[in-house]
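Please read the structure below before turning to the comments.
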Number of protein chains: 4
Amino acid sequence: MPRIGAERLAHRKNDIVAAARAVFTERGYEKTTMIDIARQAGVSDGLAYRYFASKRDLLQAVLDEFYARIIAHNEECVGRAIGFAARLETLIREHVRLLVEDTGLVRLFITEVRSLEGYQGSHTHELNRRYASILTDILVEGMEQGFVDPSVDGRLVRDMVFGGIEHLAWRRILSGQPVDVEEVAASITNLLLHGIKSNAQG
Amino acid sequence: MPRIGAERLAHRKNDIVAAARAVFTERGYEKTTMIDIARQAGVSDGLAYRYFASKRDLLQAVLDEFYARIIAHNEECVGRAIGFAARLETLIREHVRLLVEDTGLVRLFITEVRSLEGYQGSHTHELNRRYASILTDILVEGMEQGFVDPSVDGRLVRDMVFGGIEHLAWRRILSGQPVDVEEVAASITNLLLHGIKSNAQG
Amino acid sequence: MPRIGAERLAHRKNDIVAAARAVFTERGYEKTTMIDIARQAGVSDGLAYRYFASKRDLLQAVLDEFYARIIAHNEECVGRAIGFAARLETLIREHVRLLVEDTGLVRLFITEVRSLEGYQGSHTHELNRRYASILTDILVEGMEQGFVDPSVDGRLVRDMVFGGIEHLAWRRILSGQPVDVEEVAASITNLLLHGIKSNAQG
Amino acid sequence: MPRIGAERLAHRKNDIVAAARAVFTERGYEKTTMIDIARQAGVSDGLAYRYFASKRDLLQAVLDEFYARIIAHNEECVGRAIGFAARLETLIREHVRLLVEDTGLVRLFITEVRSLEGYQGSHTHELNRRYASILTDILVEGMEQGFVDPSVDGRLVRDMVFGGIEHLAWRRILSGQPVDVEEVAASITNLLLHGIKSNAQG
DNA sequence: AATGAATGAGTTTTCATTCAT
DNA sequence: AATGAATGAAAACTCATTCAT
């Protein structure tokens with residue numbers, strides 16, 4: 001007599017992950033209790049353990065879901081853009097948007113994911129790799145088409161783009177100033193393409 | 001008649017701060033216990049409380065000491081360099097060196113300092129501001145001398161430099177690959193100055 | 001679907017309060033630990049915190065329960081007695097009985113309740129007031145009926161009765177001598193009514 | 001080379017007892033730390049242990065000194081009064097004064113002395129006995145001279161007087177109202193002598 | 001499947017007491 | 001005699017996790 005189908009089960013599980021995301025991003029991993037999460041999900045704390053073996057696993061699920069979502073989103077956006085410059089700016093724009101709209105999740109990611117034991121080789125690491133490859137692919141294509149200087153180190157660009165935007169997002173968060181996503185993305189793209197050097201001097 | 005002078009006292013205090021730095025950077029703030037720190041310092045846990053009123057205070061001390069050290073170091077290095085490009089590369093180089101040599105501390109800083117209650121307007125915030133101004137000053141000077149395009153947003157550059165190097169350091173740490181500080185600094189400086197665009201296309 | 005009903009819940013809570021009463025009265029508030037109480041109640045220390053937010057709260061609960069019990073008991077006994085003298089003696093008798101049977105609780109009350117922060121205006125204060133008013137009401141009635149000298153200060157009488165019995169109870173406890181409640185109550189009532197002065201001299 | 005004589009030694013000891021009295025009475029025994037006491041006495045915390053083997057011993061010393069003082073004071077005052085009624089009122093007056101002026105010490109006494117292990121047969125118990133005997137002696141004398149009804153139980157009177165005044169003092173402390181020592185003493189004496197019964201009815 | 005009562009190890013912090021100097 | 005650094009044994013309280021119902 002299966003009264004509750006796989007559908008309902010998955011639904012419950014999603015509820016719990018959603019609740020965990022909400023509380024983790026608000027309070028941070030350490031300061032969040034399983035009861036906080038359960039209450040937020042409208043279930044008992046015991047039930048969470050039916051779906052997730054530990055608090056850590058729940059974090060993993062939140063992070064994976066986040067990654068999957070942004071990879072899908074950004075891949076799609078970039079796929080729709082045509083040409084090197086447009087693709088690059090699109091990715092930068094969507095990444096800025098992400099950081100600005102999902103700061104809590106990003107912070108959670110940054111502070112926790114890297115301390116996840118066995119990160120190397122983990123599913124999360126693989127997702128991370130895939131996310132990064134969106135940019136890498138754009139750069140490789142750009143190089144092949146002659147838009148990008150062949151001496152440029154793709155990994156360095158990746159660090160500057162993702163690290164720089166992260167830093168920017170935090171600074172804005174702290175100061176409370178709103179961010180104009182389009183404008184900031186344009187500026188970053190421009191900076192990345194041409195650097196800071198004055199043409200007069202160059 | 002204190003037989004144990006202020007010297008020994010300060011020494012002990014330094015021992016405890018050093019131990020705290022070591023353990024905090026290895027395990028993170030939340031996962032570190034006062035007993036861990038005390039044991040590392042070779043003292044009892046009770047003694048740590050003679051010098052620091054709380055675990056939080058100890059973190060503050062670690063962070064402040066760190067900031068003071070790097071500000072002094074980088075200001076001095078930059079001060080010795082002559083000319084815009086040299087100054088910029090010097091700062092980037094020293095920042096890379098810092099992140100690579102002190103990754104744990106940087107991570108601690110990033111994950112904890114920003115969640116410090118009352119960060120805005122705090123002593124730490126002021127130190128942060130001062131550290132950032134080293135780069136800002138270089139850029140302003142560079143603009144005045146015509147090396148930097150006037151349309152460049154200094155804060156954006158700051159984000160790209162500090163955020164990018166941070167990201168780079170982390171990636172290297174995770175992968176365990178060694179970093180050639182001089183080479184990486186040169187690459188970053190070059191990237192920052194000229195961007196990624198191919199001259200052939202530009 | 002809670003399988004363990006409110007009944008069981010209340011039962012547990014009562015167990016813990018009872019255990020707290022036992023240990024507090026034996027060892028005093030400060031010297032009692034939550035583990036002492038939990039062990040006495042046959043539960044873990046963590047569980048006590050499910051029911052009471054703090055050790056202080058547990059004390060409050062013990063005190064309130066005590067007060068409620070004695071107010072109900074004494075009001076009922078006094079209500080059944082007819083006439084001023086009988087009412088007065090009844091209250092004195094029941095108060096003596098209380099002190100003799102519940103000395104530990106009374107001591108707890110005396111030593112702790114008065115140092116309770118925010119005692120003034122608290123629920124406990126209100127209960128205290130109500131307990132005191134049982135005697136006050138008897139005295140007022142006695143005055144109206146001409147049994148009590150109008151110049152008598154009711155509050156003073158209250159102090160003599162409650163304070164005196166308290167003192168007596170303690171002395172007896174220390175010496176370990178049994179107390180004949182009826183006899184002592186009669187003596188106190190007599191003393192209170194007529195004073196110590198010899199009629200021969202009066 | 002005895003540089004510091006017994007005199008200075010005794011002086012130090014007195015300083016420490018005085019400091020202990022001040023802090024104990026203000027904060028209570030449990031909440032007072034040895035460092036509080038040492039600081040108040042202007043000495044190091046280690047030194048206190050040269051004079052007193054433990055915190056408990058220090059409490060004992062404070063209590064003994066207090067007892068010795070009030071016994072001497074009250075015995076002297078009572079000794080100067082002439083006649084039963086005057087002696088009785090004098091003792092009551094001085095006891096009220098004591099409670100009102102030294103509330104902290106009295107509270108300390110009440111809350112701590114009775115939990116002193118081995119109170120029975122202790123020096124403090126002996127002092128207590130002696131203090132009580134001041135009143136007993138007055139009553140015995142009063143009986144012999146026909147002022148006091150022979151059926152009166154001296155111990156009961158003692159309880160009413162000491163317990164009653166204690167209760168009164170606390171009530172006043174809590175309410176913050178000032179106490180007119182002379183007036184209150186007169187009222188209590190009157191109540192004790194004549195009781196509350198209306199003459200009209202008696 | 002679902003609950004939430006129950007556990008107990010772990011955390012920060014305090015403080016009486018000791019002892020090298 | 002005097003100091004105060006140092007200890008370590010608690011204590012209050014929290015929370016991930018388990019399990020009877």
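Only a predicted model underlies this, so the values are computations on that prediction, with no experimental measurement involved. Order of the sequence lines fixes the chain letters, A, B, ..., with proteins taken first and strands second; residue numbering starts at 1 for each chain.
The number of heavy-atom neighbours closer than 6.0 Å to CZ of B:R39, taken from other residues, nucleotides and ligands shown, is 12 or below.
The distance from the CG atom of A:D15 to the CD1 atom of A:I37 is 13.0 Å, given to the nearest 0.5 Å. The structure places CG of D:L63 at 8.0 Å from OH of D:Y67, a figure rounded to the nearest 0.5 Å.
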What protein N or O atoms touch nucleotides 11-15 of chain F N or O atoms at under 3.5 angstrom, if any, and at what distances?
| unit_1 | atom_1 | unit_2 | atom_2 | d |
| --- | --- | --- | --- | --- |
| F:dA12 | OP1 | C:T32 | O | 3.4 |
| F:dA12 | OP1 | C:K55 | NZ | 2.9 |
| F:dA12 | OP2 | C:M34 | N | 3.2 |
| F:dC13 | OP2 | C:Y49 | OH | 3.1 |
| F:dC13 | OP2 | C:K55 | N | 3.1 |
| F:dC13 | N4 | C:D45 | OD2 | 3.3 |

Scan the side chains in residues 40-49 of chain C for donor-acceptor partners under 3.5 Å anywhere in the protein, sequence neighbours excluded, and list what turns up.
| unit_1 | atom_1 | unit_2 | atom_2 | d |
| --- | --- | --- | --- | --- |
| C:S44 | OG | C:L47 | N | 3.3 |

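Every residue two or more places apart in sequence or in another chain that forms a side-chain hydrogen bond (donor to acceptor under 3.5 Å, both in side chains) with A:D64 is listed here: A:H123, A:T124. Taking the side chain to side chain contact (heavy atoms under 4.5 Å, CB included) definition, one finds that D:E26 meets it with nothing, sequence neighbours left out. Applying the side chain to side chain contact (heavy atoms under 4.5 Å, CB included) criterion to C:D57, with sequence neighbours excluded, gives C:F52, C:A53, C:S54. Applying the ring pair (Phe, Tyr, Trp, His ring centres under 6.0 Å) test to B:Y29 and every residue at least two apart in sequence or in another chain returns B:F24. With sequence neighbours excluded, the residues that form a side chain to side chain contact (heavy atoms under 4.5 Å, CB included) with C:E30 are D:E30, D:K31. Judged as a salt bridge (charged side-chain N to carboxylate O under 4.0 Å, His left out), and not counting sequence neighbours, the contacts of C:R27 are C:D36.
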Pairs under 3.5 Å (Watson-Crick or G-U), crossing ones as [ ], inter-strand ones as |: DNA chain E comes out as .||||||||||||||||||||
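Following rounding to the nearest Å, A:F52 (CZ) and F:dT18 (C1') show an atom-to-atom distance of 18 Å. In this structure, NZ of B:K13 is placed 17 Å from C1' of F:dA6, rounded to the nearest angstrom. Rounded to whole Å, atom P of E:dT17 lies 14 Å from atom CD1 of D:I16. Going from atom CG of D:L58 over to atom C1' of E:dT17 covers 13 Å, rounded to whole Å. Atom CG in C:N14 sits roughly 16 Å away from atom C1' in E:dA5 (whole-Å rounding). Rounded to whole angstrom, the span from the OH atom of D:Y51 across to the C1' atom of F:dT3 amounts to 13 Å. Between the CZ atom of D:R27 and the P atom of E:dT14 there is a distance of 14 Å, given to the nearest Å.
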Check against salt bridge (charged side-chain N to carboxylate O under 4.0 Å, His left out), B:D102 and B:R69: CA-CA 12 Å; B:D102 260 322; B:R69 183 153 53 80; 3.6 Å; yes
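Remark: B:R12 is in phosphate contact with F:dA6, judged by side-chain N or O atoms under 4.0 Å from OP1 or OP2.
Listed by residue number, the members of residues 37-44 of chain D with any heavy atom below 4.0 angstrom from DNA chain F are D:V43, D:S44.
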